[in-house]
Amino acid sequence: MPQDSSSPTVHESKKALKYNRDLSWKIASSLATSFRYAWDGLTYAFETQRNFRIHTVIGTLAIGLGVFLHLKPVEISVVGVTIGIVLAMELLNTAIESVVDLTVGQSSHELARIAKDCAAGAVLVSAMAAIIVGAALLLPPLWAVVQIAIAR
């Protein structure tokens, strides 16, 4: 059966689907705009999410303590990456909660509760892992400093 020349080919259809962004609300027109949107998300989370602020403060203190204790650069990097994972999980949790709230509105739905609880659980797991990493890297040198201070 001959193909109608006016109908798009499979390749053209895939390409049209790939670039058709009619349903997108806003598209970043440049890399700078993309970074601004990302910064807006960070700002929103910091201003509205208590736990994000708590994780940010604790993370800053952990990095500061690592510098004070003269940890090796690789150890400070591990602490920093761990903090980054916790903050990223907190951002994803906020995004999931917002989308769920947008979808269900003021009503209650079991699947919405599960989605929110699982997202919060992911933050909890990453925070517990961060505590283990922080304790393993920060407590031994901190204990050595405390012992030296007591001995004086």
Quick one: do [X] and [Y] end up in the same hydrophobic cluster if we chain Ile, Leu, Val, Met, Phe, Trp and Tyr together by side-chain heavy atoms under 4.5 Å apart?
{"X": "M128", "Y": "L139", "result": "no"}
{"X": "I58", "Y": "V133", "result": "no"}
{"X": "I96", "Y": "M89", "result": "no"}
{"X": "F46", "Y": "W39", "result": "yes"}

Which atom names give the shortest non-hydrogen contact between [X] and [Y], and what distance separates them?
{"X": "A120", "Y": "N93", "answer": "N-OD1, 3.3 Å"}
{"X": "H55", "Y": "V123", "answer": "NE2-CG1, 3.9 Å"}
{"X": "A62", "Y": "I83", "answer": "CB-CD1, 4.3 Å"}
{"X": "S126", "Y": "I85", "answer": "CB-CG2, 4.2 Å"}
{"X": "V86", "Y": "A130", "answer": "CG2-CB, 3.7 Å"}
{"X": "L71", "Y": "L137", "answer": "CD2-O, 3.5 Å"}

Could you tell me whether the side chain of [Y] reaches within less than 4.5 Å of the side chain of [X], counting heavy atoms only?
{"X": "L91", "Y": "L42", "result": "yes"}
{"X": "K116", "Y": "D101", "result": "yes"}
{"X": "F52", "Y": "T94", "result": "no"}
{"X": "I114", "Y": "E110", "result": "yes"}
{"X": "V79", "Y": "E75", "result": "no"}
{"X": "D40", "Y": "R36", "result": "yes"}

[X] side, atom [atom1]; [Y] side, atom [atom2] - distance, nearest 0.5 Å:
{"X": "L87", "Y": "T82", "atom1": "CG", "atom2": "OG1", "result": "11.0 Å"}
{"X": "L138", "Y": "I131", "atom1": "CG", "atom2": "CD1", "result": "12.0 Å"}
{"X": "L142", "Y": "L69", "atom1": "CG", "atom2": "CG", "result": "5.5 Å"}

Item to complete: Report the C-alpha separation of R53 and V57 in whole Å, then their side-chain angles, then the decisive distance to 0.1 Å, and conclude whether the side-chain contact (heavy atoms from CB on, under 4.5 Å) test is met.
Response: CA-CA 6 Å; R53 290 190 300 273; V57 169; 5.5 Å; no
